[in-house]
Amino acid sequence: MLMSDIETPIHEAMSADELEARLRAIGEQRYHHRHSFQLMLQNGELNRRQVQAWALNRYYYQSMIPLKDASLIARLDDPALRRAWRTRLVDHDGEVEGEGGIARWLKLTDGLELDREMVVSARRVLPATRFAVEAYLHFVRERSVLEAIASSLTELFSPLVIGQRVSGMLKHYNFVSAETLAYFEPRLTQAPRDAEMALDYVKRHAERPDQQQAVLEALIFKCQVLWTQLDALHHAYVAPGHVPPGAWDGDAQTGTS
């Protein structure tokens with residue numbers, strides 16, 4: 001499907017399968033598996049400082065996912081859907097301290113010798129990272145439940161990126177290990193489970209042309225959120241290499257370079 005086909009406005013309702021095809025085409029074109037920074041990361045073309053910057057900024061995104069999901073759960077009228085969506089909170093926060101995806105991401109930043117307090121505080125993340133993540137939070141809180149759920153459909157495409165990212169990083173970087181990259185293995189099963197749940201909801205509830213258009217635009221927006229974060233990393237730490245004032249720059253006070 002061509003980009004022009006993806007962006008063609010919907011005037012007549014599509015079938016559920018046609019809607020899914022349009023969603024998957026958006027992911028193929030717009031998901032961040034095509035971004036130059038992602039390709040450099042998995043191909044071993046970044047230095048240690050650049051990988052550190054990625055891990056630090058990505059932590060802020062990871063840490064906000066439970067807030068996003070909790071705000072969505074609070075808006076759901078269906079107890080069954082609330083129970084199903086609640087698994088996402090457990091996946092990220094864990095049942096007890098030290099478990100869950102956020103704790104596993106901190107193992108990565110610890111392994112990269114970033115100061116944990118600095119990472120958790122998020123005070124040194126790039127401004128564009130903060131703006132993109134907060135825009136996502138506002139989107140989920142303020143748009144319709146259908147759009148909020150549709151925005152999570154980037155998880156349809158994440159297993160491919162995860163596999164390439166982990167294998168590439170283990171192959172090329174001697175400063176990471178399977179242990180420090182432990183965040184990603186559970187996501188290979190969690191993300192498809194979550195994506196299928198969200199996709200089923202969207203296909204059942206997006207029946208009118210305006211609803212289907214909103215669903216497509218929600219996924220495009222989420223792809224832009226992820227793409228913007230990598231744009232910011234590339235601009236600050238690769239080319240032209242302009243780190244905004246206040247953002248982490250590999251200085252001795254916040255972590256080794």
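FYI, side chains are in, hydrogens and waters are out, and symmetry mates aren't considered; it's all heavy atoms of this structure.
- Summarising the geometry, atom NZ belonging to Lys203 is positioned 11.0 Å from atom CD belonging to Glu18; distances are rounded to the nearest 0.5 Å.
- Between His32 and Gln229, the closest side-chain pair of non-hydrogen atoms is not below 4.5 Å.
- With hydrogens and angles disregarded, a donor-acceptor distance shorter than 3.5 Å links the side chain of Ser167 to the backbone of Gly163.
- Here the closest non-hydrogen pair linking Leu153 and Leu219 is C-CD1, 3.9 Å.
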Inset, instruction - List the steps, then state whether side chain to side chain contact (heavy atoms under 4.5 Å, CB included) holds for Thr109 with Leu56. - result: CA-CA 7 Å; Thr109 56; Leu56 167 64; 5.5 Å; no
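- Between Gln211 and Glu207, the side chains place no donor N or O within less than 3.5 Å of an acceptor N or O (distance only, hydrogens not considered).
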Legend entry - Test side chain to side chain contact (heavy atoms under 4.5 Å, CB included) applied to Thr228 and Thr129, step by step: CA-CA 8 Å; Thr228 295; Thr129 298; over 6 Å; no
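- When the side chains of ILVMFWY residues are joined at heavy-atom separations under 4.5 Å, either directly or via intervening members, Leu233 and Met118 end up in a single hydrophobic cluster.
- Taking CD from Gln52 and CG from Leu46, the interatomic distance works out to 11.5 Å, rounded to the nearest 0.5 Å.
- In this structure, the side chains of Phe221 and Tyr136 come closer than 4.5 Å at one or more pairs of heavy atoms.
- Annotation for Tyr237 and Ala247: closest pair OH-CB, 4.4 Å, computed over non-hydrogen atoms.
- Between Met14 and Pro209, every side-chain heavy-atom pair lies at or beyond the 4.5 Å cut-off.
- Taken to the nearest 0.5 Å, the CZ atom of Arg48 stands 9.5 Å off from the CG atom of Asn174.
- Contacts classified as side chain to side chain donor-acceptor pair (under 3.5 Å) and involving residues 76-86 (residues at least two apart or in different chains) are given here: Asp69-Trp85.
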Inset, instruction - Carefully, step by step, assess Arg123 and Glu117 under the rule salt bridge (Lys or Arg N to Asp or Glu O under 4.0 Å). - result: CA-CA 10 Å; Arg123 65 178 181 268; Glu117 188 279 329; 3.0 Å; yes
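- Among residues at least two apart or in separate chains, there is no salt bridge (charged side-chain N to carboxylate O under 4.0 Å, His left out) pair with a member in residues 160-169.
- Counting non-hydrogen atoms of other residues, nucleotides and ligands closer than 6.0 Å to CD of Glu134 gives a total above 12.
- For Asn57 (side chain) and Leu126 (main-chain N/O), a donor-acceptor pair under 3.5 Å exists by modelled atom type.
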Inset, instruction - Check the pair Tyr59, Leu114 against side chain to side chain contact (heavy atoms under 4.5 Å, CB included), reporting the backbone distance first and the verdict last. - result: CA-CA 12 Å; Tyr59 173 81; Leu114 290 165; over 6 Å; no
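- Between Ile10 and Arg22, some side-chain heavy-atom pair lies under the 4.5 Å cut-off.
- In terms of heavy-atom proximity, Thr154 sits nearest to Lys222 at OG1-NZ, 3.0 Å.
- For the pair Val140/Ser151, a side-chain contact is recorded, criterion being any heavy-atom separation below 4.5 Å from C-beta on.
- Between Ile149 and Val215, the closest side-chain pair of non-hydrogen atoms is not below 4.5 Å.
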Sequence neighbours left out, cut at 3.5 Å: what donor-acceptor pairs do the side chains of residues 93-105 make with other protein atoms?
from, atom 1, to, atom 2, distance (Å)
Trp105, NE1, Ala55, O, 2.9

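- At least one donor-acceptor pair closer than 3.5 Å links the side chain of Tyr173 to the backbone N or O of Leu41.
- Under the 30°/60° scheme for interplanar angles, the aromatic rings of Tyr31 and Phe157 are found to be tilted.
- Formation of a donor-acceptor pair under 3.5 Å by the Thr189 side chain with backbone atoms of Pro186 is found in this model.
- Here the closest heavy-atom approach between residue Phe139 and residue Glu147 is recorded as CE2-O, 3.7 Å.
- With no hydrogens or angles considered, no side-chain donor-acceptor pair links Ser158 and Glu155 at under 3.5 Å.
- Closest non-hydrogen pair, Arg75 versus Glu142, comes out as NH1-N, 4.2 Å.
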Inset, instruction - Using the side chain to side chain donor-acceptor pair (under 3.5 Å) rule, take Arg187 and Gln190 through it: C-alpha gap first, then chi angles, then the decisive distance, then the call. - result: CA-CA 5 Å; Arg187 295 303 300 161; Gln190 293 168 355; 2.9 Å; yes
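- Annotation: cation-pi geometry satisfied between Arg130 and Tyr60 (NZ/CZ under 6.0 angstrom from ring centroid, within 45° of ring axis).
- Side-chain atoms of Lys107 and Thr180 form no donor-acceptor pair, as typed in the model, at a separation below 3.5 Å.
- Atoms CG and CD1, on Leu81 and Ile73 in that order, are 8.5 Å from each other to the nearest 0.5 Å.
- Remark: Gln50 CD to Glu45 CD distance equals 10.0 Å, nearest 0.5 Å.
- Panel note: side chain His235, backbone Asp231; no donor-acceptor pair is recorded below 3.5 Å.
- Between Glu28 and Arg24 no salt bridge is recorded (no basic side-chain N to carboxylate O distance below 4.0 Å).
- A donor-acceptor pair is defined here as one N or O able to donate and one able to accept, closer than 3.5 Å; such a pair exists between the side chain of Gln212 and the backbone of Ala206.
- Contact record, His92 with Pro66: CB-CG, 3.6 Å, taken as the closest heavy-atom pair.
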Inset, instruction - Could you please spell out the steps behind the side chain to side chain donor-acceptor pair (under 3.5 Å) verdict for Arg58 and Gln62? - result: CA-CA 6 Å; Arg58 179 78 182 199; Gln62 300 297 152; 2.8 Å; yes
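- Annotation for Phe131: atom CZ does not count as buried by contact number, only 12 or fewer foreign heavy atoms lying within 6.0 Å.
- In this structure, the side chains of Leu156 and Leu199 come closer than 4.5 Å at one or more pairs of heavy atoms.
- No side-chain heavy atom of Asp249 sits under 4.5 Å from any side-chain heavy atom of Arg124.
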Legend entry - Worked check of side chain to side chain contact (heavy atoms under 4.5 Å, CB included) between Leu112 and Phe175: CA-CA 7 Å; Leu112 291 170; Phe175 48 82; 3.6 Å; yes
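- Formation of a donor-acceptor pair under 3.5 Å by the Asn47 side chain with backbone atoms of Arg49 is found in this model.
- Annotation: the span from Glu217 atom CD to Ile220 atom CD1 amounts to 6.5 Å, rounded to 0.5 Å.
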